[in-house]
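Below is one structure, written out as structure tokens; comments come after it.
A quick note: this is a predicted structure, and the numbers were derived from the prediction, not measured. Per chain, numbering begins at 1; letters A, B, ... match sequence-line order.
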There are 2 protein chains.
Amino acid sequence: MTSEISRNAGSGSVPPGRIGIGLELDDIHMKMLEVLRENGRISVAALAERVGISRANAYTRFEALRADGAIKRFTAEIDHVRAGLGITALIFVTVRQQMWKQFRAELARMPEVEYCAITTGQHDAMIQVRVADVAAVHTMVTDRLANIPAVKATETVFILDEVLKRPYVLPSDARAPARRRSPELGPAQKTQGDVPLGKMRFVGAAEGRAALQKDG
Amino acid sequence: MTSEISRNAGSGSVPPGRIGIGLELDDIHMKMLEVLRENGRISVAALAERVGISRANAYTRFEALRADGAIKRFTAEIDHVRAGLGITALIFVTVRQQMWKQFRAELARMPEVEYCAITTGQHDAMIQVRVADVAAVHTMVTDRLANIPAVKATETVFILDEVLKRPYVLPSDARAPARRRSPELGPAQKTQGDVPLGKMRFVGAAEGRAALQKDG
DNA sequence: GTTGAAATTAGTACGAA
DNA sequence: TTCGTACTAATTTCAAC
């Protein structure tokens, strides 16, 4: 299956919980998403109890979340090593302009690709692949990717360890749990001084790539 | 919740379906994982029918997959934009040697981080964050990350579009669906010739990082 | 590893607050 | 909208094969 997913669209500041047309997500919706993140197989009845609403209401909201697309699907999280794909690599790809469509089409035929995003910066896209061994990475890059005309160049790095993986992030996660720094500073007076110049770098999009997204 | 997950451990070639101690995954287990990837809320009864085994068998196998850790958890996939986090960014971090432990500890306190992996190449780690607006990225990097002693430098890129996102990849995905290339070549005789030198780059680990994984 | 039948739970429909 | 309840359908459990 090929899942096309939502994009960012450089929206500057969007009111949280209400984007575009669709469902207005309130605190209870958010709570439901919090619970479902950890236990996607919980029954709606149990979910209702966890967030403190009636069963009927929970069914209505649950359906609404799915129908609206706020919840895209339910899935499992597996141990890739146990599944026989012990090697994970990131491939940064430079794509030839005007050939994005072809690049996307070829991507869909690569089952070892778990994730692909178009980025700003010196490369155009980042691909994450899971394969059985390092040889498979080499084959994938040298053989499959290199033979796509749309691919100008690639740079591959290996993932040595996945430190953190959350199913998704929610605005309500905020900085509520585990904190013990200064007595909570407002956003305005946060320490932001003495950071060595050039330590933090932001890399914008390469020229002529803004228009090259979905339909390049 | 902070999820510590499995690592790669530079295992060269591992027999698919059997890694370390644990459950031996056969074709039926794989089929179950295929189904659960698309529908994590399917009933075990329906799952049994889909993979062609009896219910009791399905229950046994389902339990085994969970107990063994092959399935880590069930979760949902959401539309980040609808949830109010329309901006996704990748932050590549250079970590000061011997300070990985601190870096990991600080990571756990950053709820906007969805994913963090330690990589080979010119940077040491890649962090993926989801936030409400671009200002939040700036705050995150300049304010929070920059103030961690373990962080030597960062480089930030924005994700313009997420082209593909699969819950996970399975060995059985192979190149079965949608194919029309050459009549299937063995791994040995695949075309691998005429690729311009330097077009494809592999970047190894920086010096002194091999030992700096979990317990640096 | 399979089938079938009991116990439990889930999902739906509806009226009332 | 939300809640509570009653009704129907499905799932899970358990036992015997």
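- Following rounding to the nearest Å, A:L47 (CG) and C:dA10 (P) show an atom-to-atom distance of 11 Å.
- The existence of a salt bridge linking A:E114 and B:R166 is excluded, since no basic side-chain nitrogen approaches an acidic carboxylate oxygen closer than 4.0 Å.
- Taking atom CD1 of A:I42 as the reference point, atom C1' of C:dT9 lies 14 Å away to the nearest angstrom.
- Taking atom CD on B:E63 and atom P on D:dT12, their separation rounds to 12 Å, with Å as the unit.
- Between A:F74 and A:F62, the gap from one ring centroid to the other is short of 6.0 Å.
- The side chain of A:S43 places no N or O atom within less than 4.0 Å of a non-bridging phosphate oxygen (OP1 or OP2) of C:dT9.
- Rounded to a whole Å, the CD atom of B:E49 is 19 Å from the P atom of C:dG1.
- In summary, A:E112 and A:R130 do not engage in a salt bridge, as defined by a charged side-chain N under 4.0 Å from a carboxylate O.
- Considering only the side chain of A:A56, C:dA13 comes nearest among D:dT12, C:dT2, C:dA13.
- Separating the CD1 atom of A:I53 from the C1' atom of D:dT1 is a distance of 11 Å, rounded to the nearest angstrom.
- The shortest distance between the side-chain N/O atoms of B:Y59 and the OP1/OP2 oxygens of D:dT12 is below 4.0 Å.
- Applying the 4.0 Å criterion to OP1 and OP2 of C:dT9, one finds that A:R55 has every side-chain N and O outside that range.
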